[in-house]
Amino acid sequence: MELCAEHLQKSYGESLVLRDVSFTAGVGLTRIEGPSGAGKTTLLRILLGLERPDDGRHNGAAFRWAAVFQEDRLLPGLDAAGNLRFVLGSRYDAARAAALLRELGLAETADKRVRDYSGGMKRRLALARALLAPSDALALDEPFTGLDADNCDAALRCILRAAEEKTVLLAAHGALTLPADCGCVQL
């Protein structure tokens with residue numbers, strides 16, 4: 001199934017944030033581009049059903065989403081596994097989680113409480129949570145914030161692997177080297 005958005009518009013007061021945004025995205029990676037304030041986060045929030053557009057329509061409600069928000073939304077008193085278990089419940093697979101944490105460079109700190117993590121470590125754990133959650137689609141809002149080049153590369157590899165099976169929307173600042181077949185929504 002394709003994700004479809006048609007003529008989406010959204011204003012906050014007098015400020016028009018999204019103007020006539022239309023696109024389709026299937027399985028694979030679609031980058032959402034635009035300058036700061038262009039509405040990337042607003043677009044993702046609309047597709048997730050967290051906000052309503054002023055006009056237009058989309059079929060985002062037909063998807064089971066997992067997301068990385070601009071805020072990490074982690075439980076600081078728990079360790080990495082505790083955070084993953086809290087979200088995944090009975091679907092928590094310790095071996096799969098450990099493998100992903102290792103790939104994201106968090107294996108050696110997995111037993112530390114999240115309150116003691118750096119910003120980049122928290123970001124990678126938030127990404128791991130989204131990647132492990134059962135979903136048809138991923139909404140990733142600035143998933144590389146606070147990551148150095150090596151950790152950004154590792155995170156991108158994990159995201160690209162997920163995009164082989166599901167629709168992935170990626171809002172990110174900065175220059176990323178993405179596959180040539182990556183879709184793009186320009187705001």
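Taking CG of Leu3 as the reference point, atom NE2 of His58 lies at 8.5 Å (rounded to 0.5 Å). Gln70 contributes atom CD, which lies 7.0 Å from atom OG1 of Thr145 (distance to the nearest 0.5 angstrom). Taking CD of Glu71 as the reference point, atom CG of Asp141 lies at 8.0 Å (rounded to 0.5 Å). With rounding to the nearest 0.5 angstrom, the CD atom of Gln9 is 6.0 Å from the CG atom of Leu16. Leu8 contributes atom CG, which lies 7.0 Å from atom CG of Leu18 (distance to the nearest 0.5 angstrom).
Judged by distance alone, with hydrogens and angles left aside, the side-chain atoms of Lys10 form a donor-acceptor pair with the main-chain N or O of Arg52 at under 3.5 Å. A donor-acceptor distance shorter than 3.5 angstrom exists from the side chain of Arg31 to the backbone of Ala172, with no hydrogens or angles considered. Between the Asn83 side chain and the Leu74 main chain, no donor and acceptor come within less than 3.5 Å of each other.
For the pair Leu187/Pro35, no side-chain contact is recorded, criterion being any heavy-atom separation below 4.5 Å from C-beta on. In this structure, Ile159 and Leu127 have side chains that are in contact, with non-hydrogen atoms separated by less than 4.5 Å. By the 4.5 Å heavy-atom criterion applied to side chains, Trp65 and Leu47 are counted as neighbours. Side-chain atoms of Thr167 and Thr30, non-hydrogen and from C-beta on, never get closer than 4.5 Å to each other.
Closest approach of Ala133 to Ala66, counting heavy atoms only: CB-CB, 4.0 Å. Considering all non-hydrogen atoms of both residues, Ala155 and Leu104 come closest at CA-CD2, 3.8 Å. Scanning all heavy atoms of the two residues, the minimum distance from Ala25 to Leu169 falls at CB-CD2, 4.2 Å. Nearest heavy-atom pair across Leu100 and Cys158 is CD1-SG, 3.7 Å. The minimum heavy-atom distance linking Asn151 with Leu147 is given by the pair O-CD1, 4.0 Å. A pairwise comparison of heavy atoms in Lys40 and Ala171 identifies CB-CB, 4.0 Å as the closest pair.
By the salt bridge (Lys or Arg N to Asp or Glu O under 4.0 Å) test, Arg57 is found to be paired with Glu6, residues two or more places apart in sequence or in another chain being considered. Judged as a salt bridge (Lys or Arg N to Asp or Glu O under 4.0 Å), and not counting sequence neighbours, Asp55 has no contacts. Asp79 is linked by a salt bridge (Lys or Arg N to Asp or Glu O under 4.0 Å) to nothing, counting only residues two or more places apart in sequence or in another chain.
Within the structure, every pair that satisfies the side-chain hydrogen bond (donor to acceptor under 3.5 Å, both in side chains) test and touches residues 126-140, not counting sequence neighbours, is listed here: Ser135-Lys166. Listed by first then second residue, pairs satisfying side-chain hydrogen bond (donor to acceptor under 3.5 Å, both in side chains) with a partner in residues 112-123 read Asp72-Arg123, not counting sequence neighbours. The salt bridge (Lys or Arg N to Asp or Glu O under 4.0 Å) analysis of residues 81-99, with sequence neighbours excluded, yields no pairs.
Hydrophobic clustering (side-chain heavy atoms under 4.5 Å, transitive across Ile, Leu, Val, Met, Phe, Trp, Tyr) keeps Val68 apart from Phe63. A single hydrophobic cluster is seen to contain both Leu106 and Leu88, as judged by linkage of ILVMFWY side chains at heavy-atom distances under 4.5 Å, directly or through other members. Under the 4.5 Å side-chain heavy-atom criterion for ILVMFWY residues, no single connected hydrophobic cluster contains both Phe23 and Leu170. Under the 4.5 Å side-chain heavy-atom criterion for grouping Ile, Leu, Val, Met, Phe, Trp and Tyr, Leu138 is not connected to Phe69 through any hydrophobic cluster. Using a 4.5 Å cut-off between side-chain heavy atoms of Ile, Leu, Val, Met, Phe, Trp and Tyr, with links allowed through other members, Leu140 and Ile32 fall into different hydrophobic clusters.
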Stepwise side-chain contact (heavy atoms from CB on, under 4.5 Å) test for Leu84 and Leu125: CA-CA 8 Å; Leu84 296 175; Leu125 180 56; 4.1 Å; yes
Hey, mind stepping through Leu156 and Phe144 against side-chain contact (heavy atoms from CB on, under 4.5 Å) and telling me if it holds? CA-CA 8 Å; Leu156 183 57; Phe144 306 114; 4.1 Å; yes
Evaluate the criterion side-chain contact (heavy atoms from CB on, under 4.5 Å) for residue pair Leu75 and Val114; output intermediate values, then yes/no. CA-CA 7 Å; Leu75 299 169; Val114 170; over 6 Å; no
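Sparse packing is recorded around CD of Glu108, with 12 or fewer heavy atoms of other residues, nucleotides or ligands lying under 6.0 Å away. The neighbour count for Arg64 CZ, taken as heavy atoms of other residues, nucleotides or ligands under 6.0 Å away, is above 12. Residue-environment remark: OH (Tyr12) exceeds the threshold of 12 foreign heavy atoms within 6.0 Å.
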